[in-house]
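Take a look at the structure set out below.
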Amino acid sequence: MAKLYFRYGAMNSGKSTALLQAAYNYEERGQRVLLAKPVVDTKGDRMIVSRLGVTREVDVVITPTTDVVDMVDKEAARIAAAENTSVSCLLVDESQFLSPRQVDDLLMVALRRDIPVLAYGIRTDFQTVAFPGSRRLLEIAHSLEELKTICRCGRKAMFNGRTLNGDFVFDGAQVAIDGDQVTYESLCGVCYLDESGGRLASGYAPLTGATEVMGPDPDFS
């Protein structure tokens, strides 16, 4: 039985690089993969862009109204007719931008079409609140894997700080694509609190009390 995998991490944890490596591994063994990304991710247009400089065009772009099961069926039929082969794996970049219904569709692709689905994305936004797509993936994926990266202090990063024109901001729309003005920095919990003044999420009371000073996270391995 095929499974739904959710591989998540903070910004700059190598998610897109890992996706492209997974695609390469399948294709090296002569298997056809299907690459997709949500249309809301405008960075790179139709390209998956790794921060290491590797890029690749996706097969399909998922819009807010896309029925993912139907999309996979149509693409599988097209590939079978044009290439005389079947789809061995669906890989989805920036899966946090999917709707919960579309994440349910990913599970259906795995269970009803017997096609493994590897979804890569960010767990929480710049206010430490889960994206709806990520929340649903955490609820129903067969397998969860954290892709780790480090904060500027050396601890394991777990949050995503948003900067606007170089200054950290903690209010605003959940989605703002990384670009010329808006950028993101992966932060550990301590550094996030230092930048936010003890605030974890919009509408929540600031945390109070001393913060223990620790060295690099021993769990980061």
Side-chain angles (χ1 to χ4, degrees), residues 4-25 35 37-38 40-44 47-56 58 91-98 103 117-138 141 143-164 166-170 172 174-196 198-201 207 211-221:
L4 170 59
Y5 301 83
F6 182 35
R7 296 173 176 172
Y8 65 91
M11 297 288 292
N12 299 325
S13 59
K15 297 178 295 301
S16 296
T17 301
L19 182 152
L20 294 174
Q21 180 66 56
Y24 175 83
N25 291 344
L35 271 64
K37 65 181 283 191
V40 68
D41 177 34
T42 55
K43 186 177 182 180
M47 307 295 289
I48 293 176
V49 181
S50 163
R51 65 190 179 102
L52 296 184
V54 181
T55 62
R56 175 168 171 173
V58 297
L91 297 106
V92 184
D93 198 27
E94 305 292 356
S95 60
Q96 72 272 9
F97 295 138
L98 299 179
V103 172
V117 180
L118 279 60
Y120 295 78
I122 296 169
R123 182 177 55 174
T124 58
D125 64 17
F126 74 111
Q127 294 178 321
T128 72
V129 176
F131 287 95
S134 299
R135 182 183 299 114
R136 190 63 179 145
L137 280 161
L138 290 168
S143 175
L144 303 173
E145 178 184 351
E146 182 182 16
L147 303 178
K148 298 177 181 179
T149 190
I150 59 173
C151 176
R152 59 195 180 191
C153 69
R155 304 183 186 94
K156 185 181 80 171
M158 58 185 297
F159 296 133
N160 305 295
R162 177 187 291 177
T163 63
L164 179 62
D167 296 321
F168 280 98
V169 293
F170 297 90
Q174 185 175 54
V175 178
I177 303 302
D178 190 12
D180 292 334
Q181 293 184 320
V182 173
T183 58
Y184 292 89
E185 181 179 346
S186 305
L187 300 170
C188 71
V190 173
C191 288
Y192 185 94
L193 291 177
D194 288 345
E195 294 292 346
S196 69
R199 175 181 177 184
L200 272 181
L207 296 182
T211 302
E212 181 182 0
V213 177
M214 299 179 293
D217 193 329
D219 183 52
F220 184 81
S221 58

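Being a predicted model, the structure only gives us computed values, none of them experimental.
Looking at heavy atoms from C-beta onward, Val54 lies out of side-chain contact with Thr17 at the 4.5 angstrom threshold. No side-chain heavy atom of Leu144 sits under 4.5 Å from any side-chain heavy atom of Leu137. Looking at heavy atoms from C-beta onward, Arg152 lies in side-chain contact with Leu187 at the 4.5 angstrom threshold. The side-chain heavy atoms of Leu35 and Leu19, taken from C-beta on, include a pair separated by under 4.5 Å.
When all heavy atoms of Arg123 and Met158 are compared, the pair lying nearest together is NH2-O, 4.1 Å. When every heavy atom of Val190 is checked against every heavy atom of Arg155, the shortest pair comes out as CB-NH1, 3.7 Å. In terms of heavy atoms, Val169 sits closest to Leu164 at CG1-CB, 3.9 Å. Residues Asn160 and Ser186 approach most closely at OD1-OG, 4.5 Å, considering heavy atoms. In plain terms, the two heavy atoms of Ala141 and Phe6 that are nearest each other are CB-CB, 4.0 Å. Summarising the geometry of Met47 relative to Lys37, their closest heavy-atom pair is O-NZ, 2.9 Å, with the distance given to 0.1 Å.
Atom OG1 of residue Thr128 and atom CG of residue Leu200 lie 5.0 Å apart, to the nearest 0.5 angstrom. We find the CG-CG distance between Leu20 and Asp93 to be 7.5 Å, quoted to the nearest 0.5 Å. Rounding to the nearest 0.5 angstrom, the gap separating the OG atom in Ser95 from the CG atom in Leu118 is 10.5 Å. Going from atom CZ of Arg199 over to atom CD of Gln127 covers 6.5 Å, rounded to the nearest 0.5 Å. Atom CZ of residue Arg162 and atom CD of residue Gln174 lie 8.5 Å apart, to the nearest 0.5 angstrom.
For Phe170 and Tyr192, the ring centers sit closer than 6.0 Å to each other.
Proximity of a side-chain donor or acceptor of Lys15 to a complementary backbone N or O of Glu94 within less than 3.5 Å is not detected. In this structure, Tyr5 contributes its side chain and Tyr120 its backbone to no donor-acceptor pair below 3.5 Å. A donor-acceptor pair under 3.5 Å links the side-chain atoms of Arg135 to the main chain of Ala130, judged by distance alone.
In summary, the side chains of Ser50 and Ser16 do not present any donor paired with an acceptor at a separation below 3.5 Å, with no hydrogens or angles considered.
Checked options Tyr184, Phe131, Tyr8; the residue passing with Ile122 is Phe131 (criterion: side chain to side chain contact (heavy atoms under 4.5 Å, CB included)).
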